[in-house]
Structures are given as C-alpha cells and as structure tokens.
Amino acid sequence: MSRLLVLLNHLKAEARRDWLTDSQNSAFSDVERLWRFPERVNLCGAPGVGKTFLAWSVARASGAAFYASPRIYQATTSSGQEKIVIDNAPDNVTDLRRLLATLQLNGVRTALFVTAHPNRSGLPTITLPIPTTQDVDTIYRNLSLLDYYALHPTYSDNLWTVVTQVL
C-alpha cells in the first residue's frame, strides 16, 4: 500500500471534530444546524480546502454513511440509511435532481453533498474558505500526532499540498 494511502486511511480514522480547523469547525456547526431542516445541504469549496476531511468528520460524528461518490452510493445502496454524506456529488441541476430522487426512493432523510461548486438547485450551501496559515498549522499539528512530520513546512492554500509534504 502506498504511503499516501496509508496516510489517508490514518486521517480518515482520526476524522473528528477536535481535529478540524477553525473554518471547518464553523462549517461543521452550520451542517448540524441546517440538517434539522431542510436536511439536505451542499458543502462546497475550492480543491484542497478540507471538504472531504470535514465530510468524514460529519459522517463519523453523526453516524452517517460516507460515500466517495454518487456512483458508489448507487452501487452499494441499502435501505435503512437515514443519513448519508456523498463526496464528489454533482453540482449541475439535472444530475443533482436525479440523485435527490434516488435518495427519496431509498428513504434517506438527511444528506450532505460535497461539491467543488455551489449547487444551482436551491439547497442550503456552506462554502469552505481558502485555508489560513492558522489552518495549515492545525493540519501540521494533526499530522504530527500521527507521527508524520514535514522537514520544511509549506504554507499553501491547498491542504492536500500540505498533507503530501510529509510523505
């Protein structure tokens, strides 16, 4: 298994609220608030802002099933799941409506859709901002807790660049 895959599995296993950056923590609270009603929320942001890590954290904290894509959800769907998180969800109206219809047919009441761009279907949207240097420091701290250290820390607006720096 590649070092990157091992690191990603460590991060996914440790995805919890106390590992979130300030902006991710704020978005986490917004998801909790919006999941009360209407229960379908779009989380979006530029590549590398931490959407997937936040989604893993939300899924873990709420007991929601996490799917890396709509295709994986549709291939493995099972009845009885009331809360789900779908990463790489569509942001175009047609595909999103199709996915929403599938969720309704499967009895899913609560869903978080993770996209790069805001949806155009009127779902409540939470946008993660570009990471700050404080956010990057939080990521380095979290990585060091997993015994991953960067010799020459990089400050970037893309958290995946920061994560791969320790490999």
Side-chain angles (χ1 to χ4, degrees), residues 1-17 19-21 23-25 27-128 131 139 142-143 146 148 158-164 166-167:
M1 189 169 356
S2 76
R3 287 179 45 94
L4 179 59
L5 190 54
V6 169
L7 175 56
L8 291 177
N9 285 334
H10 275 141
L11 288 171
K12 190 173 182 179
E14 293 298 329
R16 56 182 193 256
R17 193 159 190 179
W19 276 42
L20 298 177
T21 66
S23 58
Q24 289 171 326
N25 215 345
F28 190 104
S29 295
D30 290 342
V31 169
E32 287 180 318
R33 179 179 51 80
L34 290 169
W35 262 6
R36 292 185 194 132
F37 180 81
E39 299 177 343
R40 286 165 176 23
V41 178
N42 176 216
L43 173 67
C44 66
V49 297
K51 299 180 302 288
T52 297
F53 188 77
L54 174 58
W56 290 337
S57 300
V58 167
R60 187 172 186 186
S62 67
F66 178 89
Y67 296 95
S69 72
R71 187 176 322 163
I72 293 172
Y73 167 73
Q74 291 166 343
T76 60
T77 201
S78 62
S79 60
Q81 295 175 327
E82 290 190 14
K83 277 187 179 181
I84 64 166
V85 175
I86 299 180
D87 202 359
N88 301 299
D91 52 28
N92 68 66
V93 175
T94 304
D95 291 340
L96 185 58
R97 283 186 180 164
R98 188 175 297 123
L99 181 56
L100 287 166
T102 302
L103 297 180
Q104 187 172 4
L105 288 171
N106 291 333
V108 175
R109 291 181 31 95
T110 307
L112 177 65
F113 302 108
V114 182
T115 62
H117 305 286
N119 74 87
R120 293 177 183 89
S121 297
L123 293 179
T125 301
I126 300 165
T127 303
L128 273 180
I139 299 303
N142 294 344
L143 290 169
L146 295 174
Y148 287 92
N158 186 319
L159 296 179
W160 284 117
T161 301
V162 174
V163 168
T164 58
V166 302
L167 296 177

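Residue numbers count from 1 along this sequence. Keep in mind that this is a model prediction, so the values were computed, not measured.
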Taking [X] for its side chain and [Y] for its backbone only, find out whether a donor-acceptor pair lies under 3.5 Å.
X	Y	result
Arg109	Gln81	no
Asp91	Thr115	no
Asn142	Trp19	yes
Trp56	Lys51	no
Asn25	Leu20	no

Are more than 12 heavy atoms from other residues, nucleotides or ligands located less than 6.0 Å from atom [atom1] of [X]?
X	atom1	result
Arg97	CZ	no
Arg17	CZ	yes
Gln104	CD	no

Gap between atom [atom2] of [Y] and atom [atom1] of [X] - 0.5 Å precision:
X	Y	atom1	atom2	answer
Leu34	Glu39	CG	CD	11.0 Å
Arg120	Asn92	CZ	CG	8.0 Å
Ser57	Lys12	OG	NZ	11.5 Å
Asn119	Thr125	CG	OG1	4.0 Å
Phe28	Leu43	CZ	CG	11.5 Å
Gln74	Leu103	CD	CG	8.5 Å

Give me the atom names and distance for the closest heavy-atom approach of [X] to [Y].
X	Y	answer
Ile86	Pro70	CG2-N, 3.6 Å
Gly48	Pro131	O-CG, 4.0 Å
Leu99	Pro90	CD2-CD, 3.9 Å
Trp35	Ala111	NE1-O, 3.2 Å

Trp160 and Leu8: CA distance, side-chain angles, deciding distance, side chain to side chain contact (heavy atoms under 4.5 Å, CB included) verdict: CA-CA 10 Å; Trp160 284 117; Leu8 291 177; 3.0 Å; yes

Qualifying residue for side chain to side chain contact (heavy atoms under 4.5 Å, CB included) with Arg98, from Leu100, Leu96, Asp95: Asp95

Trace of the side chain to side chain contact (heavy atoms under 4.5 Å, CB included) decision for Leu143 with Leu11: CA-CA 8 Å; Leu143 290 169; Leu11 288 171; 4.1 Å; yes

Results of side-chain hydrogen bond (donor to acceptor under 3.5 Å, both in side chains) for Thr21 - residues two or more places apart only: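 Partners of Thr21 under the side-chain hydrogen bond (donor to acceptor under 3.5 Å, both in side chains) test: Ser23, Gln24.
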
With His10 via side-chain contact (heavy atoms from CB on, under 4.5 Å) - residues at least two apart: Val6, Leu146, Tyr148

Reference residue Tyr73; test side chain to side chain donor-acceptor pair (under 3.5 Å); the match among Asp87, Asn106, Thr102: Asn106

